[in-house]
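Just below is one structure, and these are the notes that go with it.
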Amino acid sequence: MSIATGRAAGPSTSQAASRASGILGRVIAHRTDYLYVLPALIVMLVVIAFPIYYTIELSFFRTPPNLQMRDKIWTGLDNYVTVLRSPVFHEVTINTIIWTVASTLVAFLLGLGAALSLHREFVGRGVMRALLLIPYVVSAVAASYVWKWLYHSDFGVIGAIAVQLGLTSEPINFLDNRQTVLASLIVVNIWKEFSFAMVMLMAGLQTVPEQLLRAAQVDGASAWNRFWHVTFPHLRGVSMVTVLLLMVANFNSFIIPFVMTGGGPADASHIWITHIYQLAFGRQQWGVASAYAVILFIVMMTLGYFYVKALTRGDENRAGG
Amino acid sequence: MTNSQGRAPRPARSTRRQAAGRAVAALVIASLLSSTAYAQSVDLSQWSPEYIRSIAGTEEFDTAGHCASVVPLDYEGRLTYWWTGPTEASPQIEHQINEEFWAAWAETYPNIETDAQNIDYNQLLDRLRTTLLGNAGPMVVRLQILGGVEFASKGYFQELAPEDIGYPTADFWPGAMKSVTWQGTTYGVPTNNETMALIWNADIFERAGLDPESPPATWDDLVAYSKQIHDELGISGYGLVARQNAGNTPFRFMPQLWAYGGGALDEAEENPTYETVQLNSEGAVAALQAAYDMYVRDKSVPTSALTNTQNENQAPFIAGQLAMMIAHPSEYAKMVDLAGLATGADKEIADTVVENMRYGLIPEGPERRAVVFGGSNMHFVQPDYVEGGFDEQAAKAFACFWNSPEWSTKLAWTGSNPGNLAGFKTQWMKERLDTIKFLDVTTSMLPSGIPFPVIPEATEIMNIIVPDMLQNALTERMSVEEAAADAAAKVESLLGGGL
Amino acid sequence: MAEVVLKDVMKNYGSLYAVNNVSFTVEHGEFVALVGPSGCGKTTTLNLVAGLIPMSGGDISIGNRIVNDLDPKDRDIAMVFQNYALYPNKSVFKNLAFPLQMRKLPKAEIEAKVMQAAKILDITHLLERRPRELSGGQQQRVALGRALVRDPAVFLMDEPLSNLDAKLRVAMRSEIKRFHHNLNATVIYVTHDQLEAVTMADKMAVMHGGVLQQYDSPANVFANPVNTFVASFVGSPAMSLIPLDVVGKGTDVALKSPEEGWELPLSAQNARKATASSQGTVVLGARHSTLKLHKSPVAGSVPGKVYTVEPTGDVTFAQVFVSGAVVNVSLEPTAPIAPDEEVFVEFDQQRLHLFDGQTTNALKAA
């Protein structure tokens with residue numbers, strides 16, 4: 001239902017001048033509203049807008065170690081070219097893709113499984129739910145240190161148990177091995193975030209219409225068929241939101257790789273965000289790091305665009321039904 | 001090389017290095033010649049454990065009296081000072097001495113209002129960088145030996161020489177003076193210097209069939225000993241440290257590199273110009289090959305070396321699972337502390353380790369015996385960048401007081417040695433020699449000390465490029481030659497202004 | 001097609017008996033309505049027949065087979081739900097095909113059966129649409145089609161018309177009735193609307209509090225309600241009920257209003273019924289069509305006061321206070337009557353009902 005206001009009709013049909021005064025007039029009429037928004041707006045500008053602007057500006061400069069920041073040297077798009085051409089960039093990008101896709105997919109599937117099994121009543125369900133939530137709420141830094149020691153190549157608990165059980169003759173090398181380090185970190189990441197997916201999907205499962213499941217049961221659908229034809233399609237909206245949120249979080253995920261391996265050994269566990277951190281704060285190469293950050297920002301905005309689109313598309317569907 | 005700001009072009013790199021080279025050459029010659037001017041206190045040519053013992057406790061110094069001649073004791077002013085002081089992990093005695101110092105300072109110069117901040121090692125550089133950007137830095141700051149050059153090159157530090165606070169330059173190690181010189185000018189005073197030594201477990205040596213009382217004489221010997229220990233006893237021989245972006249790594253690898261005749265640049269030469277890259281020299285490749293042999297071929301070092309710092313060597317060592325490591329003099333005190341914390345069966349093992357802990361000279365290589373010249377320097381910040389303005393008299397009084405033979409020695413009690421070499425003559429030096437085990441050995445390494453290249457790119461070279469080179473070789477991502485060549489190319493590019 | 005037999009069926013949740021000893025038989029091709037107010041247990045009973053919830057006791061057989069332990073898919077039933085329960089992401093065709101797919105029938109056979117069902121229900125032109133694109137009535141037909149396609153022994157319908165607006169409901173009612181007639185299907189139909197039950201069913205099972213009150217043809221339930229609950233449930237407007245005392249004996253029996261004191265003499269047959277009351281109190285029931293209003297007293301009438309007058313166009317209903325109870329009387333649309341008027345209500349002795357004042361059961365001549 002739309003309400004046509006006389007004011008809205010007026011300026012849009014008259015000339016540009018009076019249209020401008022119409023908008024200005026509305027702004028002035030609502031000036032107290034803007035005052036209420038002003039504090040939040042200022043905070044946003046300072047904390048978000050200005051750093052973004054400054055980073056973009058920095059990305060066009062070089063900052064050699066022997067010059068003060070205010071004497072930085074203009075290089076135009078050189079930093080971007082350097083970044084996009086460097087072989088380390090390609091390696092790190094592949095790492096990031098593997099990291100993001102694997103973490104998101106497995107965490108989602110695990111969360112779905114957990115949500116489904118916790119959906120029906122059984123003795124100890126509440127306790128189980130609380131236990132499974134622990135990885136998500138625990139401090140990422142603390143968890144990273146504990147896992148680091150679990151994985152330790154010489155004295156790690158996992159390796160020690162494997163030796164005791166006779167599975168291997170010497171402790172397993174998880175983290176000091178270029179081939180296995182990324183996978184080992186991904187396991188920790190999945191462990192940390194699968195219960196987020198679980199919680200989201202549990203909420204979604206509550207909304208599956210009971211009658212639809214009954215109809216499917218009467219129609220002769222087995223438990224798997226009921227899940228596949230009724231439950232899962234119904235969860236599509238929640239699933240998409242969850243997957244997208246997980247992907248964005250994983251893309252920006254910093255703590256686990258940084259604390260556990262610092263990107264090593266030999267860059268094997270560097271993802272974009274840790275690499276940028278090292279460039280900026282380890283190697284003082286602010287210009288190049290900023291260029292990296294801008295590229296990452298663009299990728300994030302694209303992902304964000306699809307996220308919002310997917311969300312609102314769901315709304316349109318529901319409205320039409 | 002000009003920049004877009006339109007300022008006067010700085011001298012080209014080569015002339016800058018030539019100037020630095022000339023200045024250092026002048027200093028070295030001066031220090032060797034001067035035995036009368038400014039009364040050089042000690043004779044560096046005689047340096048040995050015996051010499052050190054012979055001069056200890058042979059002279060008295062009146063700190064307050066001397067500094068009064070620099071700045072009157074009743075001077076009224078204010079002082080701000082940042083440094084990394086004793087932390088939770090530091091031995092009790094350091095905390096004690098720290099308190100004594102501040103009490104003595106307040107007593108000697110009661111009218112100087114002092115704001116001193118003890119900042120964690122890893123945070124100090126970042127905080128200084130940030131506050132200088134905002135013109136809100138402290139007046140005086142003490143930084144680890146390689147930390148100052150980046151600020152000096154950016155023009156943040158004032159000119160400062162030992163003479164400014166009443167001490168002769170000849171009373172400071174030439175290597176230490178190298179580290180406070182930029183483009184021919186001195187911009188700081190060395191407060192303390194230390195070098196590391198080789199530590200080994202005599203008990204493990206004996207059980208592995210090695211002479212328990214003698215360390216490996218050369219680096220090749222060290223590789224062989226490490227293998228023998230691993231083969232005989234199944235534990236790690238040498239505590240290799242190869243973590244990326246960590247200061248510990250170059251401190252242990254560079255001595256090896258220098259010993260074989262390599263280097264990052266030409267910092268090991270008598271008069272370095274910091275122009276030629278030496279990471280792909282024969283010597284460098286040989287050193288890298290030795291590390292490769294230990295890690296990949298013999299597997300005689302911890303697999304976790306790639307992510308270890310020296311901290312991660314301490315627990316295995318005290319548990320008798322590691323035979324050799326390179327560390328500071330204060331490591332002994334640390335081991336005693338750890339043994340004190342052990343309980344049950346572990347306590348017995350720990351006590352045995354402490355009993356059998358030995359210090360020796362770092363092995364030598366075909367070219368030389370080398371160790372990283374470590375320590376700290378004190379700097380004065382340019383007035384423009386100091387919060388609340390710079391009080392020159394207060395700063396000088398403080399620097400004179402801190403770097404006096406008395407306090408220079410006391411403040412370096414467990415972990416270091418006085419930067420002011422006159423300190424070696426004080427009664428406190430004698431007390432240290434009597435009470436601190438192995439001090440005579442660790443001080444005797446000082447002449448072999450080589451500072452890292454004194455250029456602003458040094459942090460990146462030492463903390464990033466060198467460890468990367470190690471990791472590339474040890475993970476077999478590249479062959480040894482390729483890793484060295486790759487690292488050399490990176491340094492070239494870095495010095496040329498690239499990434 | 002087969003018959004459905006419920007015998008002593010029980011369902012309890014702890015101490016709450018949702019379905020309490022319900023027994024009835026549905027003959028082949030019969031349309032049986034389970035009626036009652038909300039919470040009476042009718043939907044639970046239906047779910048028990050379907051096998052969607054486990055029984056606590058009793059037996060259910062479908063087509064001479066005891067089905068107590070069988071899954072819904074093995075009971076040869078089909079269900080139509082209140083919310084249609086169509087699969088929202090499937091086309092109408094796929095919705096209809098789904099049950100056959102689950103039975104793993106060959107593709108050609110599925111297609112044939114779906115087209116057949118679609119033709120019967122006149123939804124062939126909708127086969128490619130999604131449920132959200134259909135109107136309520138169309139969705140209802142698709143739901144019927146999905147049930148039809150299974151060719152079941154029994155159709156179970158759970159308030160299928162409750163979601164439709166009044167006009168559509170009337171139209172769909174006749175469609176379902178035609179559906180039942182054309183197929184000669186056996187149908188068990190749950191509804192809370194007695195009008196639906198009465199117009200569509202061959203037999204009605206009136207339930208209340210989990211207990212089956214009366215199982216009979218609508219006509220019989222209407223004419224001979226077995227207790228006051230059934231009496232007031234079936235028929236709209238409901239039968240008026242007036243609690244009165246029995247006075248007199250033998251053939252000289254009258255009903256006395258404890259509030260207003262008047263007496264209504266009873267016919268011989270009614271007198272015999274009245275004297276069979278357990279405590280000497282009865283509830284007098286009379287449908288609106290059996291009552292007449294007079295301005296002055298006549299034989300067999302009692303005084304009352306008009307409360308409201310409701311003209312509906314076809315007929316005017318007057319609600320009259322009699323002995324503290326509200327009595328509904330239907331009149332000609334032009335009857336000159338106004339609220340607060342003093343009137344006299346005349347009872348038809350042949351068509352009035354008497355229920356025991358204590359047990360509420362219908363009284364019979366002793």
Side-chain angles (χ1 to χ4, degrees), chain A residues 61-75 78-79 82-83 85-89 91 148-149 151-156 159 170-179 181 258 260-270 274 277-279 281-285 287-289 291, chain B residues 1-5 7 10 13 16 126 129 132-133 149-156 182 234 236 242-246 295 299 302-308 312 315-316 319 321-322 455-460 463-465 467-478 483 494 497-499:
Chain A
F61 286 86
R62 244 184 351 108
T63 56
N66 61 330
L67 289 180
Q68 292 189 26
M69 278 289 264
R70 60 172 186 230
D71 297 333
K72 52 188 183 288
I73 304 168
W74 171 267
T75 55
D78 274 0
N79 285 336
T82 312
V83 166
R85 283 231 193 106
S86 85
V88 179
F89 174 72
E91 265 192 60
K148 196 171 153 186
W149 278 107
Y151 274 142
H152 197 266
S153 320
D154 298 299
F155 305 111
E170 46 177 42
I172 309 173
N173 184 356
F174 288 106
L175 297 181
D176 292 296
N177 180 338
R178 295 193 82 236
Q179 279 71 41
V181 63
F258 185 73
M260 288 183 74
T261 58
D267 292 336
S269 64
H270 257 315
T274 55
Y277 183 85
Q278 193 190 55
L279 274 177
F281 298 99
R283 300 164 69 165
Q284 310 290 309
Q285 307 211 351
V288 177
Chain B
M1 175 170 72
T2 58
N3 60 41
S4 62
Q5 304 283 333
R7 291 154 116 240
R10 294 176 183 268
R13 238 172 222 292
R16 216 191 301 157
D126 277 337
R129 287 173 186 140
L132 287 175
L133 277 177
V149 65
E150 108 181 42
F151 302 99
S153 68
K154 290 182 164 120
Y156 282 126
W182 172 256
S236 297
R243 188 185 166 98
Q244 257 175 341
N245 202 13
Y295 188 84
K299 296 196 181 9
T303 323
S304 47
L306 295 182
T307 40
N308 278 352
E312 278 79 44
Q321 297 288 314
L322 181 64
I455 50 174
E457 293 84 353
T459 341
E460 174 140 359
N463 285 355
I464 309 278
I465 298 182
D468 270 2
M469 177 178 77
L470 260 177
Q471 293 218 348
N472 283 336
L474 297 183
T475 58
E476 299 188 85
R477 185 187 185 190
M478 303 180 194
L494 179 65
L499 184 32

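Below, chain A is the first sequence line, B the second, and so on; all start at residue 1. Every heavy atom of this structure was used, including side-chain atoms; hydrogens, water molecules and symmetry mates were not.
Looking at A/D78, neither its backbone nor its side chain comes within 4.5 Å of chain B, counting heavy atoms on both sides. For chain A, no part of B/T459 is nearby; none of its heavy atoms comes within less than 4.5 Å. Heavy-atom distances place no part of A/Q179 under 4.5 Å from chain B, backbone and side chain included.
Here the straight-line distance linking atom CZ of A/F155 with atom CD of B/E312 works out to 11.0 Å at 0.5 Å rounding.
Look at B/R477 and A/E91 and you find a salt bridge, because one of the NZ, NE, NH1 or NH2 atoms lies within 4.0 Å of a carboxylate O, short of that distance.
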Q. B/S304 and A/D176: side chain to side chain donor-acceptor pair (under 3.5 Å), yes or no, with the steps?
A. CA-CA 6 Å; B/S304 47; A/D176 292 296; 4.9 Å; no
Q: Take B/Q244 and A/D267 through the side-chain contact (heavy atoms from CB on, under 4.5 Å) test and state the conclusion after the steps.
A: CA-CA 9 Å; B/Q244 257 175 341; A/D267 292 336; 3.5 Å; yes
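Highest contact tally toward chain B, considering only A/A268, A/A266, A/G287, A/G262, is held by A/A266 [criterion: heavy-atom pairs under 4.5 Å]. Among B/I464, B/L132, B/N463, the residue making the largest number of heavy-atom pairs under 4.5 Å with chain A is B/I464.
Side chain of A/D154 to main chain of B/T303: a donor-acceptor pair is present (N/O by atom type, distance under 3.5 Å, no hydrogens or angles).
Annotation: side chain of B/R243 is not in contact with side chain of A/T261 (no heavy-atom distance under 4.5 Å).
With no hydrogens or angles considered, a side-chain donor-acceptor pair links B/E460 and A/Q285 at under 3.5 Å.
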